[in-house]
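Structure, as structure tokens:
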Amino acid sequence: MRVMGIDPGLTRCGLGIVDVDHTRRATLVHVEVARSDKDLATHFRLRTVADAIDRLIRQYEPDVVAIERVFAQDNLQSVTTTMQVMGAAMTCVGRAGLPMAVHTPSEVKSAVTGNGTADKQQVQHMVARILGLASPPKPADAADALAIAICHAWRGTGLLGAGDDSHISVSISGRVNTRGAVTPAQQVWAQAAAAQRRTGAVDPRLRRR
């Protein structure tokens, strides 16, 4: 399976593509960061990012695209522009007729590091380790995009428009439900996600005091 991961951002949008075999071994196909000029109007900047996404979809023909969901930020302007990039990305994916999944930052961190509150350096290190790279991808947006792709490849859940796409589901309270056989990698992810959700890592408002 070939998965394209998108870390949405207006100034820097991470775009990463990985191949994953039947043993869940992931290999790097391509990674880059789409940048837009801060002096341009927002709609022109969105066009720049969308053009980069369209180009990679045409060139690398992913089977599915995964994008990181904006969960919570204090900076309202940052949230607004990130959501605009998400919309542009979703349009690109829909236009290409591809399935698309959405994952929260905590889900991505849990999948690649086992810790839903891992910092960017930990994510970069584990992405490099998982993909067998000599050094972590830079900048952080590039590593984040690859982490999103790996997360979806290992989880296989979160597809938009699919009512029952999940082999594994983890409730907000940390309860794990599985449907059919799961791989060791999926088991590791589910255990990490469950532990984080039980302590409120997915939603800071639920964190135990």
Side-chain angles (χ1 to χ4, degrees), residues 3-18 30-57 62 64-96 98-113 115-124 127 136-153 155 157-161 172 193 196 200-207:
V3 185
M4 179 177 179
I6 301 176
D7 179 35
L10 190 58
T11 301
R12 295 184 306 274
C13 181
L15 305 170
I17 301 171
V18 300
H30 178 80
V31 65
E32 68 176 72
V33 173
R35 302 175 186 271
S36 66
D37 188 342
K38 294 181 180 180
D39 293 330
L40 292 177
T42 300
H43 60 299
F44 291 124
R45 299 180 70 184
L46 290 171
R47 182 184 63 184
T48 298
V49 174
D51 286 347
I53 294 172
D54 284 338
R55 172 174 51 81
L56 292 189
I57 288 176
V64 61
V65 178
I67 188 167
E68 186 172 86
R69 182 197 305 269
V70 178
F71 195 78
Q73 288 185 10
D74 295 330
N75 188 329
L76 180 60
Q77 180 62 33
S78 178
V79 171
T80 300
T81 56
T82 302
M83 291 297 292
Q84 290 171 339
V85 176
M86 284 187 66
M90 294 174 76
T91 300
C92 294
V93 179
R95 196 161 46 204
L98 294 173
M100 180 174 174
V102 177
H103 301 286
T104 68
S106 291
E107 289 171 341
V108 175
K109 292 174 182 179
S110 292
V112 300
T113 72
N115 178 7
T117 59
D119 60 28
K120 286 189 176 295
Q121 188 173 12
Q122 289 174 302
V123 172
Q124 290 175 340
V127 165
K138 296 290 181 69
D141 312 87
D144 287 345
L146 292 171
I148 295 160
I150 293 168
C151 171
H152 181 73
R155 291 188 60 203
T157 64
L159 287 171
L160 300 181
I172 194 67
Q196 292 301 323
V202 169
D203 187 341
R205 293 171 299 180
L206 301 179
R207 189 180 299 279

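In what follows, every heavy atom counts, from backbone to side chain, and hydrogens, waters and symmetry copies are set aside.
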Got [X] and [Y] here, is their nearest side-chain heavy-atom distance under 4.5 Å?
X	Y	result
I6	L15	yes
L46	Q84	yes
C13	V33	no
V3	V65	no
P137	V127	yes
I67	M86	yes
P62	L98	yes

Rounded to the nearest 0.5 Å, what separation is found between the [atom1] atom of [X] and the [atom2] atom of [Y]?
X	Y	atom1	atom2	answer
I17	I57	CD1	CD1	8.5 Å
T11	D37	OG1	CG	9.5 Å
M100	H152	CE	NE2	10.5 Å
C151	L146	SG	CG	12.5 Å

Which heavy-atom pair separates [X] from [Y] by the least distance, and what is that distance?
X	Y	value
A66	I148	O-CG2, 3.5 Å
G16	A149	O-CB, 4.2 Å
A118	V123	CB-CG2, 4.5 Å
V102	E107	O-OE1, 4.4 Å

_side-chain hydrogen bond (donor to acceptor under 3.5 Å, both in side chains) for R45 and T81? Distances and angles first, verdict last._
CA-CA 10 Å; R45 299 180 70 184; T81 56; over 6 Å; no

*What residue among R55, R12, K138 forms salt bridge (Lys or Arg N to Asp or Glu O under 4.0 Å) with E32?*
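Considering R55, R12, K138, a salt bridge (Lys or Arg N to Asp or Glu O under 4.0 Å) with E32 is found only for R55.
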
*Who passes side-chain hydrogen bond (donor to acceptor under 3.5 Å, both in side chains) against T113, sequence neighbours left out?*
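T113 satisfies side-chain hydrogen bond (donor to acceptor under 3.5 Å, both in side chains) with no other residue.
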
*Residues forming a side-chain hydrogen bond (donor to acceptor under 3.5 Å, both in side chains) with R47, sequence neighbours excluded*: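 Per chain and number, R47 pairs via side-chain hydrogen bond (donor to acceptor under 3.5 Å, both in side chains) with no residue.
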
_Between D54 and R95 (salt bridge meaning N to carboxylate O under 4.0 Å), is one present in this structure?_
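So D54 pairs with R95 through a salt bridge.
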
_Lys/Arg N to Asp/Glu carboxylate O, K109 vs E68, below 4.0 Å_ =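 Salt bridge: no.
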
*Are H103 and R155 linked by a side-chain donor-acceptor pair shorter than 3.5 Å?*
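Side chains of H103 and R155: pair found under 3.5 Å.
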
*asked:* Test your reading of the model: is there a side-chain donor-acceptor pair from S36 to the backbone of L10, 3.5 Å cut-off?
replied: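 Present.
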
